[in-house]
A.B. asks: 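One structure, as structure tokens, below. Some questions next.
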Amino acid sequence: MARTKVDEVERESSVEKVEQILQGAMQEFLKHGYAGTSMDKVAVAAGVSKATVYSHFQDKEELFKVLLEHLSRQKFNSIFGTEPLQGEPTVVLRQLGTKALEHMVADQEHRALMRVLIGESGRFPELAQICVRAMIKPVVETLTQYVASHPELKINDPEAVARILLGSLVHFHIVQDVLHGQEILPMESDRVINTMIDLIVNNAK
């Protein structure tokens with residue numbers, strides 16, 4: 001019994017340490033980029049020893065991978081929830097589109113990390129692939145499954161539709177928010193979301 005309690009305390013301590021290291025890593029990656037970040041800097045930022053960092057992560061690439069996967073899980077669950085998507089397409093797609101854009105606008109830290117990732121992708125293509133696997137692929141798969149589960153939409157290629165949906169939202173966010181194009185190409189987000197839904201639903205009529 002005592003051993004079980006000790007094990008639980010050790011697990012909780014380990015989880016806390018990992019979270020601490022990830023927060024330090026995020027701080028350093030945003031400040032110095034991937035190339036300019038070292039495990040030493042992460043340890044200092046996290047307030048732990050270098051040995052502690054290496055006891056949880058083999059190297060910088062693994063640390064970055066886990067950080068991206070951790071952030072991707074949080075963002076995915078906050079938008080899609082933890083249960084399979086269910087409900088009428090007009091309602092579900094509007095809710096998802098609205099929530100996704102709200103998160104993109106509000107999460108400045110995540111946006112900054114994406115800038116770092118895109119900027120480093122030429123020198124470190126494997127990092128960009130980690131992002132695609134951890135962040136983009138689960139969204140495309142989830143949307144594909146949802147669209148495919150509604151044959152009344154008469155969609156011949158659910159995966160292509162899923163990528164069009166995601167791509168439209170990301171493009172809108174990049175132009176309006178990341179590239180500061182609100183005044184050059186002004187448009188309300190509702191117009192984009194409602195038009196996407198109309199195109200998908202009207203396909204079935």
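Basis for what follows: all heavy atoms, side chains included, without hydrogens, waters or symmetry-related copies.
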A.B. asks: Could you check if a side-chain atom of His56 sits within less than 4.5 angstrom of a side-chain atom of Val66, using non-hydrogen atoms only?
C.D. replies: no
A.B. asks: Once rounded to the nearest 0.5 Å, what's the spacing between atom CD of Glu62 and atom CG of Leu67?
C.D. replies: 12.0 Å
A.B. asks: So which heavy atom on Ser168 is nearest to which on Met196, and how close?
C.D. replies: CB-SD, 3.3 Å
A.B. asks: Is a salt bridge present between Glu69 and Arg73, judged by a nitrogen-to-oxygen distance below 4.0 Å?
C.D. replies: no
A.B. asks: How long is the span from the CD atom in Gln182 to the CE atom in Met187, to the nearest 0.5 Å?
C.D. replies: 13.5 Å
A.B. asks: Check whether any side-chain heavy atom of His103 sits under 4.5 Å from a side-chain heavy atom of Lys75, and report yes or no.
C.D. replies: yes
A.B. asks: So does Glu28 get a backbone contact from the side chain of Thr37, meaning a donor-acceptor N/O pair under 3.5 Å?
C.D. replies: yes
A.B. asks: Hey, are the side chains of Leu143 and Leu96 touching, using non-hydrogen atoms and a 4.5 Å cut-off?
C.D. replies: yes
A.B. asks: Side chains of Leu169 and Ile193, heavy atoms from C-beta outward: is any pair under 4.5 Å?
C.D. replies: yes
A.B. asks: CD1 of Ile184 to CD of Gln176: how many Å apart, nearest 0.5 Å?
C.D. replies: 9.5 Å
A.B. asks: For a 4.5 angstrom cut-off between non-hydrogen side-chain atoms, does Val170 reach Met104?
C.D. replies: yes
A.B. asks: Taking only residues at least two apart or on different chains, which pairs with a member in residues 57-85 satisfy ring pair (Phe, Tyr, Trp, His ring centres under 6.0 Å)?
C.D. replies: Phe29-Phe64, Tyr34-Phe64, Phe76-Phe80
A.B. asks: I would like to know whether Arg123 and Glu120 meet salt bridge (charged side-chain N to carboxylate O under 4.0 Å, His left out); could you show each step before the answer?
C.D. replies: CA-CA 6 Å; Arg123 285 187 295 171; Glu120 301 273 29; 2.7 Å; yes
A.B. asks: If I take atom CG from residue Leu68 and atom CG from residue Leu113, how far apart are they, to the nearest 0.5 angstrom?
C.D. replies: 5.5 Å
A.B. asks: Whether the Asp177 and His173 side chains hold a donor-acceptor pair (N or O, under 3.5 Å, no angle test) is what I'd like checked.
C.D. replies: yes
A.B. asks: Is the shortest side-chain heavy-atom distance between Val147 and Ile200 below 4.5 Å?
C.D. replies: no
A.B. asks: With rounding to the nearest 0.5 angstrom, report the NE2 to CG distance, His150 to Leu93.
C.D. replies: 8.5 Å
A.B. asks: Can you find a heavy atom in the side chain of Met114 that is under 4.5 Å from one in the side chain of Cys131?
C.D. replies: yes
A.B. asks: If you define the side chain from C-beta out and look only at heavy atoms, does anything of Gln27 sit under 4.5 Å from Gln23?
C.D. replies: no
A.B. asks: Nearest 0.5 angstrom please: Leu165 CG to Leu199 CG, how far?
C.D. replies: 9.5 Å
A.B. asks: So, Glu88 side chain and Thr90 main chain: donor-acceptor pair closer than 3.5 Å or not?
C.D. replies: yes
A.B. asks: Would Glu102 and Lys99 pass as an ion pair if we require N to O under 4.0 Å?
C.D. replies: no
A.B. asks: Quick one: does any side-chain atom of Arg94 pair with a main-chain N or O of Asn194 as donor and acceptor, under 3.5 Å?
C.D. replies: no
